[in-house]
Undergrad: 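Got a structure here, written out as structure tokens. Questions coming.
Chain letters run A, B, ... following the sequence lines, proteins first, then strands; residues in each count from 1.
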Amino acid sequence: MFRDSDAVESGRGAGKGEPSGKVRVRFAPSPTGYLHIGGVRTALFNWLFARRHQGTFILRIEDTDQERFTDEAIQAILDGMKWVGLDWDEGPFRQTGRMDLYREHAMKLFEQGKAYWCVCTPDELETRRKEALAKGLTQKYDGRCRAKGITKPTGEAALRFKAPQEGETVIDDLVKGRVVFDNAVLDDLIILRSNGYPTYNFSVVVDDALMGITHVIRGDDHLTNTPRQVPMFQALGFTVPKFGHLPMILGSDKARLSKRHGATSVLAYRDMGYLPEAVVNYLVRLGWSHGDQELFTRQELIEKFDFKHVQSSSAVFNQEKMLWVNEQYIKQGEPGHVARLLIPFLEQAGLKQEVSAVSPDWLAKLVVMVRERTKTLVEMVTWVTPYFGQDVAMDEASAKKFLTPAMAPALAKVVARFEAEPAFHKEQWETIFKQVVEEQGMKMGQLAQPVRVALTGRTASPGLFEVMELLGRERTLIRLKKGIERAKASA
RNA sequence: GUCCCCAUCGUCUAGCCUGGCCUAGGACGCCGGCCUUUCAAGCCGGCAACACGGGUUCGAAUCCCGUUGGGGACACCA
């Protein structure tokens, strides 16, 4: 009976899975590419759980496969974590720096008769696996080297763990509840490859144990790995941690989220103009809920996060909703903060000089003026460009439509009245403007549009008087005059 | 094929553990209206779901069994 009482504690139903000791969790990505959305969510749940219980969050890079990892990928993971603000307390540890530890523990198992040398070659194994598949049999290792009792292999050999074959392994998962596996389905897994490197299922166990991990929170694609790992913890004499298997994130076709579904790297969302806190907010709601609440501050998340409300079924990633969340953060966020995040985008749009010429305060006001019209920082750039520089880029079609000779007199009147005012006062200028509209026997919109085009170069903009206020008296008058020139010249 | 997980509006979800308060609530999106100097935002309203079949019970979205469907795992990858 491979059943460890330590593993048996419910996170659902009975109690709330309140940890008794000090919580230690980890996020252990493999550096095969960028940090994707699913990875961020796993990291986030770990981080939240750690912060919620004043525990420790550890970052560990699973790089035991020399073939596939790259330093760039490690850097990308670090950058991604930093961008979303998931700071770790220990690490990043790299498994490649811990090889002695794995070998040492593997040999310990061998000496205790809990592991054995296997001289089957990868090719042979592959062939047998194919045969088994063709016959419709279980594709597990037949254990033929188990009884050979090889003490000192002469050639290439891998070390296999003697998995229990009787009884059952029970895990009481924080999100899935009680899951029972028949030990008969367990394979004698290779723990040390013939090249001396440990395999994943072994290195995780050694690391999780040695790092004192109390809760292993990971994607539910690892659920079936758990009954293979639990016996290893026990064979090594370690305490078995508690497990929590998070449901997967699916693409719109209900298949596991992948590159096929468009952007899956978190940093791609940064580049698309998403705020990191919006991404976090969206991701946490994908699989966790707190009543009807949609928006949470980071502090609220830490206070409210619990496994009791983690969904056990997978969720479809929906960019529309994430966009909405982003929009909310842009609209409700602290203007100065949004402005700071906007700067790199402005610089990239070629406004480096212009940006350095304005104050953070003015930039924040600009953000306030345009923010209810934008859903991303990228969109915000286009809304914000007309307000930099003396002149404005004029949209030809708009100018042609609204800056006509017939409009020139009314525009001139507006300018004359404005010029009579030595200082700009929003309400006052608005009153003046409306007076002109009335005197000219026009409708508000008739005069507002030409003015809008003269001021911003476009037919769509924030409220006219907000625009004037932001532009300031001088620039307002300059642009208005240029608009009149343009109107007169228009044939 | 074998094992494991999952199943409420198109999507994210509340409710399920501790059956009645559910003629199933919220959010995104979509449709319509209001507001309006443009574009937005905002506000109001609408469409839309308990996968199916059995049971248990006075009563089931909630408990049990089965079916179907979806996902995952079965490597000297992680």
Undergrad: Any chance the rings of A/Tyr102 and A/Tyr197 have centres within less than 6.0 Å?
TA: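 No, they do not, as the ring centres are separated by 6.0 Å or more.
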
Undergrad: Rounded to whole Å, please give me the gap between CD in A/Gln440 and P in B/U37.
TA: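 Result: 18 Å.
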
Undergrad: Could you tell me whether A/Arg128 and A/Glu131 make a salt bridge, using a distance below 4.0 angstrom between a side-chain N and a carboxylate O?
TA: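 A/Glu131 and A/Arg128: not salt-bridged.
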
Undergrad: Please state whether the rings of A/Phe296 and A/Trp288 are parallel, tilted or perpendicular, taking 30° and 60° as the class boundaries.
TA: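 Taking A/Trp288 first and then A/Phe296, their aromatic rings sit tilted (interplane angle of 30° to 60°).
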
Undergrad: As a test of reading the structure: which of B/U38, B/A7, B/C76 is closest to the side chain of A/Ser312, going by heavy atoms?
TA: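 It is B/A7.
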
Undergrad: OP1 or OP2 of B/A78 versus the side-chain N and O atoms of A/Thr64: is any pair under 4.0 Å?
TA: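 It does, given that an N or O in the side chain of A/Thr64 lies less than 4.0 Å from OP1 or OP2 of B/A78.
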
Undergrad: Determine which nucleotide pairs with B/C50, using a 3.5 Å limit on both distances of a Watson-Crick or G-U wobble pair.
TA: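 Pairing partner: none.
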
Undergrad: Classify A/Val451 by what it touches in the nucleic acid, base, sugar-phosphate, or nothing, heavy-atom distance under 4.0 Å.
TA: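 Contact class for A/Val451: none.
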
Undergrad: Looking at the rings of A/Trp429 and A/Phe424, which for Trp means the six-membered one, are their centres under 6.0 Å apart?
TA: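 Between A/Trp429 and A/Phe424, the centre distance is under 6.0 Å.
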
Undergrad: Would you kindly check whether a donor in the side chain of A/Ser194 faces an acceptor in the base of B/C76, or vice versa, at under 3.5 angstrom?
TA: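 Answer is yes: a donor-acceptor pair is held.
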
Undergrad: Taking atom P in both B/A48 and B/C5, what distance in whole Å separates the two?
TA: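 That atom pair is separated by 36 Å.
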
Undergrad: Of A/His290 and A/Lys331, whose closest RNA chain B nucleotide lies nearer the 5' terminus?
TA: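 Whichever sits nearer the 5' end wins; that is A/His290.
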
Undergrad: B/C5 P sits how many Å from A/Lys176 NZ, rounded?
TA: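 So the NZ-P distance, A/Lys176 to B/C5, works out to 9 Å.
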
Undergrad: With rounding to whole Å, what would you report as the distance between B/G15 and B/A27 at their C1' atoms?
TA: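 Those two atoms are separated by 15 Å.
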
Undergrad: Would you say the side chain of A/Val216 lies within less than 4.5 Å of the side chain of A/His245, judging by non-hydrogen atoms?
TA: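 Sidechains of A/Val216 and A/His245: no contact.
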
Undergrad: Using the C1' atoms only, state how far B/C65 lies from B/U23, rounded to an integer number of Å.
TA: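 Pairwise C1' distance, B/U23 against B/C65, rounds to 30 Å.
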
Undergrad: What interatomic distance, in whole Å, is found between C1' of B/G66 and the corresponding atom of B/C17?
TA: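 Nearest-Å result for B/C17 against B/G66 at atom C1': 23 Å.
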
Undergrad: Could you tell me the Watson-Crick or G-U partner of B/A73, where both distances fall under 3.5 Å? Say none if there is no partner.
TA: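 B/A73 is paired with B/U2.
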
Undergrad: Atom CG of A/Leu189 and atom P of B/A75: how far apart are they, to the nearest Å?
TA: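 A/Leu189 atom CG is separated from B/A75 atom P by 9 Å.
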
Undergrad: Can you name the closest pair of heavy atoms from A/Ile191 and A/Ala115 and give their distance?
TA: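 Shortest heavy-atom separation between A/Ile191 and A/Ala115 comes out as CD1-CB, 4.2 Å.
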
Undergrad: Scan nucleotides 8-11 of chain B against the protein and return all N/O pairs shorter than 3.5 Å with their distances rounded to 0.1 Å.
TA:
unit_1: B/U11; atom_1: OP1; unit_2: A/Lys254; atom_2: NZ; d: 3.1

Undergrad: Assign A/Pro29 to base, sugar-phosphate, or nothing according to its heavy-atom contacts below 4.0 angstrom with the strands shown.
TA: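 Nothing, no nucleic acid heavy atom in range.
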
Undergrad: What I want to check is whether an N or O donor and acceptor connect the side chain of A/Glu294 with the base of B/G26 at under 3.5 Å.
TA: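 Per atom types, the contact qualifies.
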
Undergrad: Expressed as a whole number of angstroms, how long is the span from A/Ile249:CD1 to B/U13:P?
TA: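 To the nearest whole Å, that distance equals 10 Å.
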
Undergrad: May I ask you to say what A/Gly463 touches in the nucleic acid, namely base, sugar-phosphate or nothing, with a heavy-atom cut-off under 4.0 Å?
TA: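 Base contact.
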
Undergrad: I want to verify a distance call: between B/U38, B/C12, B/C5, whose nearest atom is closest to the A/Val179 side chain?
TA: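 Looking only at heavy atoms from C-beta outward on A/Val179, the closest nucleotide is B/C5.
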
Undergrad: Under 4.0 Å between a side-chain N or O of A/Ser289 and OP1 or OP2 of B/A14?
TA: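 A/Ser289 to B/A14 OP1/OP2: side-chain N or O found under 4.0 Å.
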
Undergrad: Check this one for me: any side-chain N or O of A/Arg256 less than 4.0 Å away from OP1 or OP2 of B/A73?
TA: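 Indeed, a polar side-chain atom of A/Arg256 lies that close.
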
Undergrad: Would you say the rings of A/His215 and A/Phe45 are close, in the sense that their centroids are separated by under 6.0 Å?
TA: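 When the ring centroids of A/Phe45 and A/His215 are compared, they turn out to be at least 6.0 Å apart.
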
Undergrad: Whole angstroms only, please: what is the CZ-C1' distance between A/Arg371 and B/A40?
TA: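 So the two atoms are 14 Å apart, to the nearest Å.
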
Undergrad: If pairing requires Watson-Crick or G-U wobble contacts with both distances under 3.5 Å, which nucleotide is the partner of B/C21?
TA: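 Base partner found: none.
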
Undergrad: Over all strands shown, is A/Arg60 touching base, sugar-phosphate only, or nothing at heavy-atom distances under 4.0 angstrom?
TA: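 Counting heavy atoms under 4.0 Å across all strands, no contact is made by A/Arg60.
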
Undergrad: Rounded to whole angstroms, how far apart are CD on A/Gln332 and P on B/A40?
TA: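 In whole Å, B/A40 P and A/Gln332 CD are 20 Å from each other.
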
Undergrad: Please classify the nucleic acid contact of A/His222 as base, sugar-phosphate, or nothing, using heavy-atom distances under 4.0 Å.
TA: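 Touches a base.
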
Undergrad: Got a donor-acceptor pair under 3.5 Å from the side chain of A/Asp292 to the base of B/G25?
TA: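 Pair found.
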
Undergrad: Using heavy-atom distances to pick each residue's nearest nucleotide on RNA chain B, tell me which of A/Thr459 and A/Tyr200 is more 5'.
TA: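 Looking at the nearest nucleotide for each, A/Thr459 comes out on the 5' side.
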
Undergrad: Is any side-chain heavy atom of A/Leu323 closer than 4.5 Å to one of A/Tyr274?
TA: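 Yes. Closest side-chain heavy atoms under 4.5 Å.
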
Undergrad: When all nucleic acid strands are considered with a 4.0 Å heavy-atom cut-off, which category describes A/Cys120: base, sugar-phosphate, or nothing?
TA: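 Base contact.
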
Undergrad: Does the side chain of A/His309 get closer than 4.0 angstrom to OP1 or OP2 of B/U13 through an N or O atom?
TA: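 Negative; the distance criterion is not met.
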
Undergrad: Expressed in whole Å, how much space separates the P atoms belonging to B/G72 and B/G33?
TA: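 Taking atom P in both B/G72 and B/G33, they lie 44 Å apart.
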
Undergrad: Does A/Arg285 qualify as a cation-pi partner of A/Tyr282, given the criterion of NZ or CZ under 6.0 Å from the six-membered ring centre and within 45 degrees of its axis?
TA: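 No, a cation-pi geometry is absent between A/Arg285 and A/Tyr282.
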
Undergrad: Are the side chain of A/His261 and the backbone of A/Ser258 linked by a donor-acceptor contact shorter than 3.5 Å?
TA: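 Present.
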
Undergrad: Taking C-beta and beyond as the side chain, do A/Gln95 and A/Val206 meet within less than 4.5 Å on heavy atoms?
TA: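 No, their side chains stay 4.5 Å or more apart.
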
Undergrad: Can you identify which nucleotide, out of B/C5, B/G29, B/A73, has its nearest atom closest to the A/Glu320 side chain?
TA: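 Out of B/C5, B/G29, B/A73, the nucleotide with an atom closest to A/Glu320's side chain is B/G29.
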
Undergrad: Partner lookup for B/A7, please. Criteria are Watson-Crick or G-U wobble with both distances under 3.5 angstrom; report none if nothing qualifies.
TA: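 By the stated definition (distances under 3.5 Å), B/U68 pairs with B/A7.
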
Undergrad: Can A/Thr385 and A/Arg458 be counted as having a side-chain donor-acceptor contact under 3.5 angstrom?
TA: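 A pair is found: one side chain offers a donor N or O, the other an acceptor, under 3.5 Å apart.
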
Undergrad: Across the strands shown, which category fits A/Asn201 at heavy-atom distances under 4.0 angstrom: base, sugar-phosphate, nothing?
TA: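 The residue A/Asn201 makes base contact.
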
Undergrad: Please report the distance separating the P of B/U56 from the corresponding atom of B/U11, rounded so that it comes out in whole Å.
TA: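 Comparing P positions in B/U56 and B/U11 gives a spacing of 33 Å.
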
Undergrad: As a test of reading the structure: which of B/C28, B/C76, B/C4 is closest to the side chain of A/Trp324, going by heavy atoms?
TA: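 Nucleotide nearest to A/Trp324's side chain: B/C28.
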
Undergrad: Could you please name the option among B/C76, B/C4, B/C39 that lies closest to any side-chain atom of A/Trp383?
TA: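 Side chain of A/Trp383 sits closest to B/C39.
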
Undergrad: Please work out if A/Leu286 contacts a base, only the sugar-phosphate, or nothing of the nucleic acid, heavy-atom cut-off 4.0 Å.
TA: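 The answer is sugar-phosphate, as A/Leu286 gets under 4.0 Å only of primed atoms, P, OP1 or OP2.
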
Undergrad: Counting any heavy atom closer than 4.0 Å, what does A/Asp182 reach on the DNA or RNA strands: base, sugar-phosphate only, or nothing?
TA: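 The residue A/Asp182 makes no contact with any strand.
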
Undergrad: Should B/U56 form a Watson-Crick or G-U wobble pair with both distances under 3.5 Å, which nucleotide is its partner?
TA: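 In the structure as shown, B/U56 has no Watson-Crick or wobble partner.
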
Undergrad: Which nucleotide in the set B/A73, B/G71, B/U37 lies at the smallest distance from any side-chain heavy atom of A/Asp221?
TA: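 When the side chain of A/Asp221 is considered, B/A73 is the closest of B/A73, B/G71, B/U37.
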
Undergrad: Between B/C47 and B/G59, how far apart are the two C1' atoms, rounded to whole Å?
TA: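 Their C1' atoms lie roughly 31 Å apart.
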
Undergrad: Closest to the A/Thr224 side chain: B/U38, B/C74, B/C4?
TA: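 For the A/Thr224 side chain, the nearest candidate turns out to be B/C4.
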
Undergrad: Please determine, for B/C34, whether a Watson-Crick or G-U wobble partner exists with both distances under 3.5 Å, and give it or none.
TA: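 With both distances under 3.5 Å, B/C34 matches B/G42.
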
Undergrad: Categorize A/Ile190 for me: base, sugar-phosphate, or nothing, with a 4.0 angstrom heavy-atom threshold over every strand shown.
TA: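 Touches a base.
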
Undergrad: Establish, with yes or no, whether the OP1 or OP2 oxygen of B/A75 is under 4.0 angstrom from a side-chain nitrogen or oxygen of A/Arg129.
TA: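 For B/A75, OP1/OP2 do have a side-chain N/O of A/Arg129 under 4.0 Å.
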
Undergrad: Between B/C50 and B/C16, how many Å separate the two C1' atoms, rounded to a whole number?
TA: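 Per the computed distance, 11 Å lies between those C1' atoms.
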
